[in-house]
Amino acid sequence: MAQPKLTRRGFLAGTAATGAAAALALSGCGSSSSSSSEGSGAAGSATPASAITAAAAYSSTNCNPIGNSSALMLAATWHVFEGLYDLDLHNYTTYTALADGEPTKVSDTVYEVGLRDGAMFSDGTEVTSADVVKSFEANMADDTYGAFLSFIDTVEAKDDKTVTINLKYPFDSLLKGRLSVVKIFPASATEDELKTMPIGSGPWMYDSINGDEGGVITFKPNPNYNGTLPATCEEMEWNVLLDATSRTTHITDGSVLAIENVPDTNADQIAASGAAVEYVPGFALPFLMFNTKKAPFDDPRVRQAFFYAIDVEKLIENQMDGHAVAATSFLPEAYANYHRASTVYSHDVDKAKQLLQEAGQEKITCELMVNNNWVSALSAQIKEDLAAAGIDVTINETKIDWAALAPSEEILPYDVMLTPGDPSCFGNDPDLLMTWWYGDNVWTQGRSCWNTTPEWAELQTLLQTAREASDATQQQETWNQCFDLIAENVPLYPLFHRETGTAYIADKLENFAPISTTGLVFLGTTPLE
């Protein structure tokens, strides 16, 4: 077994990671044959094993690649499906997947992309441009992914192996990364097939799918895959273990080779068993979201008071064991596009009381809805901190019913919510990340309900200006204005950005490295005896 290792991995991310900066970013398994020396199993003369085994920390029954946003099934999707281009989640560089090379620029708003020769789905059928068109159209119409793809006008088949992508406006600097959001599936696939046993052209194929707590997802190699990252063993098995103790037991007794979402209280125990434990700084965060339809949460001063009242550094020290950084902007400081916001929330009870007084709300009684996952450990201190500022909250710990937070609901069933999120699993450009929570979608229409405010309208104008910017400096300056506006209004805003903990048996996994977001990536990874 490997010697105990507990590390905190440095992380550089962002659309501006080029040159010397890019050389500092982690080398991943996805885009080349090289890999990080730290976090990779020893190659040498070790004998390959027959299976990769892992424990996932999230459950989901939605395996449909269209608009998939579940932590569990999105990670599975990375292994089963390909986009025209895919992201290496270790460093957020984009690499060629189903495409046969770089996009061909016909004009500022027209691009052509060819398909890889001999690319096939796992059932043996050839991947054609018709499949690409159907996949894009389905995702463009999706409530979740549609906002990411709003820059696309149409996708058309030029011939069987070439698609033409027509844009609404120039989008050159972010194009390839955003195209990676769409995973390609057969145009002939029925809705039922996509929901129960979808097929893709990636190195792995589903063998069985049970994403419920205690279930198992099994993968087999795609026999028709001809890309650069073929499956390296006979089987891959993911155990769905939401319970932290269960995941700890599985990694310490060797039942699995890797687990995600390492319980901080068990990190030393896991390291002592011989497994490596790595923490990678990233975007992942817990956030407060307010029902801005409802007084007094329609007043930004009240929302700001919540953030000044909470002692975030104490939360990080006590509940996160130091594995997080207090938010000083919407983006974490490790990101290349980071800008320190004009409003930064430090623990200041007097400031919180002053804001409440200015808003005519010196005493507030409300409910804090808390998602029944890792953020629940934060709620007791948050309640105590808020009480010191005159905000009396009743904790309602529950599994969030997101369907109940719909645009059609006249009165949303919550006051303030504490829940985690991490859209960096789709990419890390600032436009994508801000669009996820603040775009014209279900989040602003039926969750925060912020889309009726002039500040929201101003943000949309700024975001569009940045999208169309031809100059990188102008684009960054516009994004900075967005970060300032969001930090001032906080309809939904992070408390801190956490480090993502992954544990794995290093000498049993060759070319494996943790990532900064939810999920495990085994593309190019070989299990060893």
Side-chain angles (χ1 to χ4, degrees), residues 13-16 67 69 92 108-109 139-153 165 167-182 283 285 287 289-290 292 300 303 327-332 335-343 407 421-494 497:
T15 57
S69 60
Y92 288 95
D108 284 346
T109 57
N139 280 280
M140 288 164 64
D142 178 72
D143 288 341
T144 302
Y145 285 8
F148 296 157
L149 304 168
S150 61
F151 65 95
I152 298 177
D153 186 15
I165 302 172
L167 310 183
K168 296 176 183 176
Y169 45 83
F171 200 68
D172 186 70
S173 66
L174 302 175
L175 180 65
K176 283 200 325 181
R178 200 61 63 85
L179 294 180
S180 72
V181 167
V182 177
F283 186 76
L285 52 87
F287 62 83
M289 179 172 68
F290 299 84
T292 65
R303 303 195 295 265
T328 56
S329 183
F330 176 67
L331 293 185
Y335 272 39
N337 299 105
Y338 168 81
H339 158 76
R340 183 179 175 89
S342 56
T343 305
D422 186 7
S424 70
C425 53
F426 307 114
N428 76 332
D429 74 74
D431 178 71
L432 181 151
L433 297 172
M434 285 187 280
T435 296
W436 173 255
W437 277 315
Y438 309 110
D440 189 12
N441 56 34
V442 68
W443 283 99
T444 58
Q445 294 165 7
R447 293 178 181 174
S448 70
C449 301
W450 191 50
N451 69 331
T452 60
T453 66
E455 292 80 11
W456 178 84
E458 180 184 357
L459 179 63
Q460 306 317 300
T461 299
L462 289 170
L463 286 171
Q464 190 60 31
T465 299
R467 290 178 191 124
E468 299 185 38
S470 57
D471 177 76
T473 300
Q474 179 195 355
Q475 185 179 60
Q476 182 65 53
E477 289 174 350
T478 308
W479 280 335
N480 294 349
Q481 294 178 61
C482 295
F483 300 143
D484 290 346
L485 190 154
I486 292 168
E488 181 181 352
N489 287 275
V490 289
L492 178 160
Y493 202 67
H497 294 96

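Judged by distance alone, the side chain of Ser329 and the main-chain N or O of His339 form a donor-acceptor pair under 3.5 Å. Looking only at distances, a side-chain donor or acceptor of Asp484 sits under 3.5 Å from a matching main-chain atom of Ser342. No donor-acceptor pair closer than 3.5 Å links the side chain of Arg340 to the backbone N or O of Thr328. At distances below 3.5 Å, not a single donor-acceptor pair connects side-chain atoms of Asn139 with backbone N or O atoms of Gly146. A side-chain donor-acceptor contact under 3.5 Å links Thr292 to the backbone of Ser448.
Scanning both residues, Asp153 and Met140, for their nearest heavy atoms gives O-CE, 3.7 Å. Minimum heavy-atom separation, Thr144 to Ser69: CG2-CB, 4.3 Å. When all heavy atoms are compared, the tightest approach of Thr435 to Asn441 is O-ND2, 2.9 Å. In this structure, Gln445 and Asn451 approach most closely via the heavy-atom pair CG-ND2, 3.5 Å. The two residues Trp450 and Glu455 have their closest heavy-atom pair at CZ2-CB, 3.8 Å. Across every non-hydrogen atom of Leu433 and Gly427, the tightest pair is CD2-O, 3.6 Å.
Tyr92 and Tyr335 have tilted rings, their planes meeting at an angle from 30° to 60° on a 0 to 90° scale. Between Tyr145 and Phe426, the ring planes lie perpendicular to each other; the angle is over 60°, past the 30° to 60° tilted range. Relative ring orientation between Phe283 and His497 is described as tilted, the plane-to-plane angle lying within the 30° to 60° band.
Residues passing the ring pair (Phe, Tyr, Trp, His ring centres under 6.0 Å) test with Tyr493, sequence neighbours excluded: Phe307. In this structure Phe483 satisfies the ring pair (Phe, Tyr, Trp, His ring centres under 6.0 Å) test with no other residue, sequence neighbours excluded. Remark: Tyr338 pairs with no residue by the ring pair (Phe, Tyr, Trp, His ring centres under 6.0 Å) rule, at least two apart or across chains.
Distance check: Cys482 SG to Glu477 CD gives 12.5 Å after rounding to the nearest 0.5 Å. Within the model, atoms OH of Tyr169 and CD1 of Ile152 stand 9.5 Å from one another, a figure rounded to the nearest 0.5 Å. Note that the CG atom of Leu463 and the OG1 atom of Thr461 stand 9.0 Å from one another [nearest 0.5 Å]. In this structure, CG on Asp108 lies 11.5 Å from CD on Glu468, to the nearest 0.5 angstrom. Interatomic distance, Ile165 CD1 to Thr109 OG1, rounded to the nearest 0.5 Å: 12.0 Å.
The neighbour count for Asp471 CG, taken as heavy atoms of other residues, nucleotides or ligands under 6.0 Å away, is above 12.
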